[in-house]
Amino acid sequence: MHDVLIGAKILSKNEEIAQRTRKEFNQRGIFSINLVSSPGSGKTSIVEKTVERLKDRIKIAVIAGDIQTDLDSKRLKKYAIPVKQITTGRACHLDALMVRRVVPWLFVQGGVELLIIENVGNMVCPAEYDLGEDMKVAVMSVTEGDDKPLKYPSLFHASRLLLINKTDLLGYTDFSVDRACENALKINPALRVFETSCVTGAGLDTWCDHLEEMVECQATIDGQ
Amino acid sequence: MHEMSITLSMIDIVNDEMRKRGVERLERLKIRVGKLTAVEPQSLLFCFDVCTRDTPLEGARLDIEEVPISGTCMDCNEEFHLEGLLSLCPRCEGGRIEKISGNELDIVSMEVV
């Protein structure tokens, strides 16, 4: 009997695929975000409102991940932008290979500047899987409670931006935006927080302007 | 539960290594799981047991070393371990922390016959 050293990352295959995707996205000037949240925090509404505001300013494509149904991609059809549904079957998260399989589709859309990947609604598993995106964006909503970052720290740790959504419901809950921010920043002090409501539209312009800036910034880096 | 797909990735790597080395039986597999990952060791043990049944890996022991979260404070240079996931320096409460460990999800070694 003897010991054999391996020294491999368990998710090395996923990471290799993700790195390849990221490189190709960057070469083509595509900035990509991976939207992650628990089910029902308003990811699809955020995608809709974001597309509504930005589609005449930048070329957007969306990949929507769900365990079952293409209801999300149907909701996005009215905006006449490229939308691809990935149905995972049973898996609770998207992985790099699932995204990899739709990359050829994305590239024939031509000139896409922003790719929004809407992950399967789940706050735990998607945090572990790199899809090749430029950054993860966490979404939490007012009805979920302001202690969410402490309960599900991995996602907040892995994300660069946080959207606190459904702020129109603040008056009906004891949710405190300050406390939520404080909790999120304890986990990840570099996190940038946006407050949004897809019902009143509050905060969406600020979020979209920031997103557009990031797309432009990425284009400048890629162009060099 | 993503521990199942993590287990399958792990088994793929082990099978490759065993094939490469012409080894037929695995006695023990050592892995490291950082406490910053969203991976539950107990679930990994369960999945490993289920996924290796009726395969050459059946009966192998899975040893999981949990790696604590540690970091260096970029403001006061304090090096520290963290029990929870809060990322503030215990000395100066600064938030600019460089993580040293906690993100591991690695196969360390295998004991083969």
Side-chain angles (χ1 to χ4, degrees), chain A residues 1-18 36 38 67 88-98 119-120 122-130 136 138 147-159 181-192, chain B residues 1-14 16-18 20-21 23 25-40 43-44 64 69 71 73-75 82 84-89 93-99 102-113:
Chain A
M1 206 180 307
H2 62 290
D3 236 6
V4 180
L5 280 179
I6 301 182
K9 283 186 186 266
I10 294 176
L11 291 178
S12 53
K13 228 173 235 169
N14 189 77
E15 279 170 34
E16 274 165 33
I17 297 169
V36 184
S38 50
I67 292 178
T88 62
R90 283 177 293 274
C92 52
H93 58 272
L94 292 175
D95 65 29
L97 185 61
M98 295 179 201
N119 217 311
V120 176
N122 180 331
M123 251 194 172
V124 184
C125 314
E128 219 49 66
Y129 285 82
D130 185 0
K136 285 190 177 69
D147 52 0
K148 203 112 198 202
L150 302 178
K151 290 179 174 170
Y152 297 87
S154 310
L155 171 63
F156 295 88
H157 197 266
S159 298
C181 289
E182 195 186 309
N183 287 337
L185 294 174
K186 273 185 202 164
I187 303 298
N188 181 358
L191 207 54
R192 172 115 193 234
Chain B
M1 180 162 108
H2 58 313
E3 279 81 2
M4 188 56 99
S5 52
I6 287 172
T7 305
L8 291 172
S9 302
M10 187 165 82
I11 289 175
D12 274 351
I13 295 173
V14 171
D16 279 355
E17 289 288 336
M18 287 173 65
K20 254 195 283 180
R21 293 161 205 272
V23 174
R25 242 192 89 71
L26 179 73
E27 281 292 316
R28 202 149 72 120
L29 184 63
K30 275 171 83 171
I31 66 170
R32 283 155 63 91
V33 177
K35 286 195 170 172
L36 264 179
T37 63
V39 178
E40 174 52 46
S43 302
L44 282 184
I64 304 175
I69 305 161
C73 175
M74 283 152 75
D75 293 321
L82 290 169
L85 280 150
L86 302 187
S87 304
L88 296 180
C89 170
E93 298 199 331
R96 300 196 312 134
I97 307 297
E98 196 183 8
K99 290 269 159 34
N103 271 319
E104 295 78 1
L105 194 53
D106 304 328
I107 299 182
V108 181
S109 64
M110 57 183 188
E111 206 173 281
V112 293
V113 187

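Reminder, nothing fancy here: chain letters follow the sequence lines and each chain counts from 1.
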Exercise for review: Report the distance from atom OG of Ser5(B) to atom CG of Leu97(A), rounding to the nearest 0.5 Å.
Suggested key: 12.0 Å
Point to revise | Rounded distance [0.5 Å steps], CD1 in Ile6(A) versus NZ in Lys20(B) | key: 8.5 Å
Check your understanding: When rounded to the nearest 0.5 angstrom, what is the spacing between CD in Glu93(B) and NZ in Lys186(A)?
Key -> 10.0 Å
Point to revise | Interatomic spacing from CG in Leu5(A) to CD1 in Ile107(B) - rounded to 0.5 Å | key: 12.5 Å
**Study point:** Cys125(A) versus His2(B), closest heavy-atom pair with distance
**Key:** SG-ND1, 3.1 Å
Review point. Under a 4.5 Å heavy-atom cutoff, which of Glu104(B), Met110(B), Glu17(B) has the most pairs with chain A?
Key: Met110(B)
Check your understanding: When rounded to the nearest 0.5 angstrom, what distance separates CG in Asn14(A) from CG in Leu105(B)?
Key -> 10.5 Å
**Study point:** Interchain contact, Ile13(B) with chain A, by part (heavy-atom threshold 4.5 Å)
**Key:** side chain
Revision key, fill the gap. The interface call for Arg25(B) against chain A, heavy-atom contacts under 4.5 Å, is neither
**Study point:** Closest non-hydrogen atom pair between Leu36(B) and Ser154(A), with its separation
**Key:** O-OG, 3.6 Å
Review point. In Å and rounded to the nearest 0.5 Å, what is the CG to NZ distance from Asn103(B) to Lys9(A)?
Key: 8.0 Å
Review point. So what's closer than 4.5 Å to chain B heavy atoms on Tyr129(A): side chain, backbone, both or neither?
Key: side chain
Check your understanding: Between Ile10(A) and Ile6(B), which heavy-atom pair has the shortest distance, and what is it?
Key -> CG2-O, 3.5 Å
